[in-house]
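These figures come from a predicted structure and were not determined experimentally.
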Amino acid sequence: MSEIFRLRSFTKNNRGGNPAGVVLNADHLNDDAMRKIASEVGYSETAFVMDSNKADFRVRFFTPVEEVDLCGHATIATFSLLRERGIIGQGCYQQETKAGILKIVIDEHHLVYMEQKKPQFLETLNKNELLSCFDLNDELIDNDLPIQVVSTGIRDIFLPIRDLHLLTNMQPHYNNISQLSRQYNVTGIHAFTLETKEEASAHCRNFAPLYGIDEESATGTSNGALACYLSKYKDKFLVKDYVFEQGYSMGQPSEIRVRLKLHEDNISEVVVGGCASIL
């Protein structure tokens, strides 16, 4: 019998975070049933946990309208739940996903860290392509950094904004974001600024209306890729630990931690972590 749970991932001081559904013992569910459950749960993603002959668990991820290859916050929720129920403990595990077999680490503080794929730095966009997505003008975009598609398992457009006030007050135009997302075959736009509210590496907002997510309060996969982007373009591969703020504009303050393993000018490992609590 499948069990459906609701959790919040990447919470900060037990507040905020990003809600995710987790369904245990999902082996008997077909695609239509998983899609229906994800729609009924109503969160941006729901994870379905199954047996695997390649890893410790097989996990599939569904938005209310579509299956996606990987979801960071739903992975954090999944393994936090497995630990909470005594199915796993502190240690290293593997999950089989459509993005590959990825490592999961549960540390001594009960934080869950998930491995992502090594970064791919892909298409660079002209800033004029983004202006209609948010009623932007040239002065709002940070011209010291590129607008680029980057992936550590999920393709996103990374949009640097000059300051926190501008980012907080940007008004998204979802149809235009969906159209651009379709054009570049990305999940959405991850907008960020280096100005932060607290001690963090960047302040972020994530928009993925093409997948039924107008805005998301904590996005693990996108922030894993953002850490790689900042390491390459801002920190010259000298920084390996990042903390990202997200969800503040939604009243759901979230904290996402990223650790990189660096060797000269290469990123050999990306792990994204945080905590989760059952609702």
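Relative to the ring axis of Tyr113, Arg257 does not place its NZ or CZ within 45° and under 6.0 Å from the centre.
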Check against ring pair (Phe, Tyr, Trp, His ring centres under 6.0 Å), Phe207 and Phe134: CA-CA 11 Å; Phe207 308 94; Phe134 300 98; 5.2 Å; yes
Ring pair (Phe, Tyr, Trp, His ring centres under 6.0 Å) between Tyr229 and Phe192, worked out: CA-CA 11 Å; Tyr229 170 105; Phe192 69 93; 5.4 Å; yes
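Sorted by first and then second residue, the side-chain hydrogen bond (donor to acceptor under 3.5 Å, both in side chains) pairs with a member in residues 122-136 read Glu123-Arg155, Asn126-Asn128, Lys127-Asn143, Glu129-Tyr184, Asp135-His173; sequence neighbours excluded. Screening residues 86-96 for side-chain hydrogen bond (donor to acceptor under 3.5 Å, both in side chains), with sequence neighbours left out, gives Ser52-Glu96, Thr75-Gln95. For residues 264-279, every residue pair satisfying the side-chain hydrogen bond (donor to acceptor under 3.5 Å, both in side chains) rule, not counting sequence neighbours, is listed here: Lys103-Glu269.
For the residue pair His190 / Asn206, a side-chain donor-acceptor distance below 3.5 Å is found, with atom types taken as modelled. Between the side chains of Glu66 and Thr63, no donor-acceptor pair is found at a separation under 3.5 Å. Under 3.5 Å, the side chains of Thr187 and Asp156 contain no donor-acceptor pair of N or O atoms. Using modelled atom types and a 3.5 Å distance limit, the side chains of Gln246 and Ser254 yield no donor-acceptor pair.
The OG atom of Ser44 lies 13.5 Å from the OH atom of Tyr211; values are rounded to the nearest 0.5 Å. The NZ atom of Lys36 sits 10.5 Å away from the CG atom of Asn30 when rounded to the nearest 0.5 Å. Atoms CG and SG, from Leu260 and Cys228 in turn, are 5.0 Å apart once rounded to the nearest 0.5 Å. Atom CG of Leu125 sits about 6.5 Å away from atom CD1 of Ile147, to the nearest 0.5 Å.
No donor-acceptor distance shorter than 3.5 angstrom exists from the side chain of Thr219 to the backbone of Thr221, with no hydrogens or angles considered.
Here Arg60 pairs with Asp31 in a salt bridge; the nearest charged N to carboxylate O distance falls below 4.0 Å. Ionic pairing of Lys12 and Glu245 is not present here: no N-O contact between side-chain nitrogen and carboxylate oxygen is shorter than 4.0 angstrom. Arg85 has a carboxylate O that lies under 4.0 Å from a charged side-chain N of Glu3, or vice versa, which qualifies the two as a salt bridge. Using a cutoff of 4.0 Å between basic side-chain nitrogens and carboxylate oxygens, Glu215 and Arg205 are scored as salt-bridged.
The aromatic rings of His203 and Tyr248 sit tilted, their planes meeting at an angle between 30° and 60°.
For Asn175, the CG atom sits in a loose shell: 12 or fewer heavy atoms of surrounding residues, nucleotides or ligands are nearer than 6.0 Å. Within a 6.0 Å sphere centred on CD of Gln179, heavy atoms belonging to other residues, nucleotides or ligands number 12 at most. Taking a 6.0 Å sphere around CD of Glu199, one finds it holds 12 or fewer heavy atoms contributed by other residues, nucleotides or ligands.
The two residues Ile106 and Val112 have their closest heavy-atom pair at CD1-CG2, 3.7 Å. In terms of heavy atoms, Val65 sits closest to Gly212 at CG2-N, 4.3 Å.
Residue Thr152 forms a side chain to side chain donor-acceptor pair (under 3.5 Å) with just one option from Lys117, Gln120, Gln116, and that option is Gln116.
Between Phe10 and His73, the ring center distance fails the sub-6.0 Å criterion.
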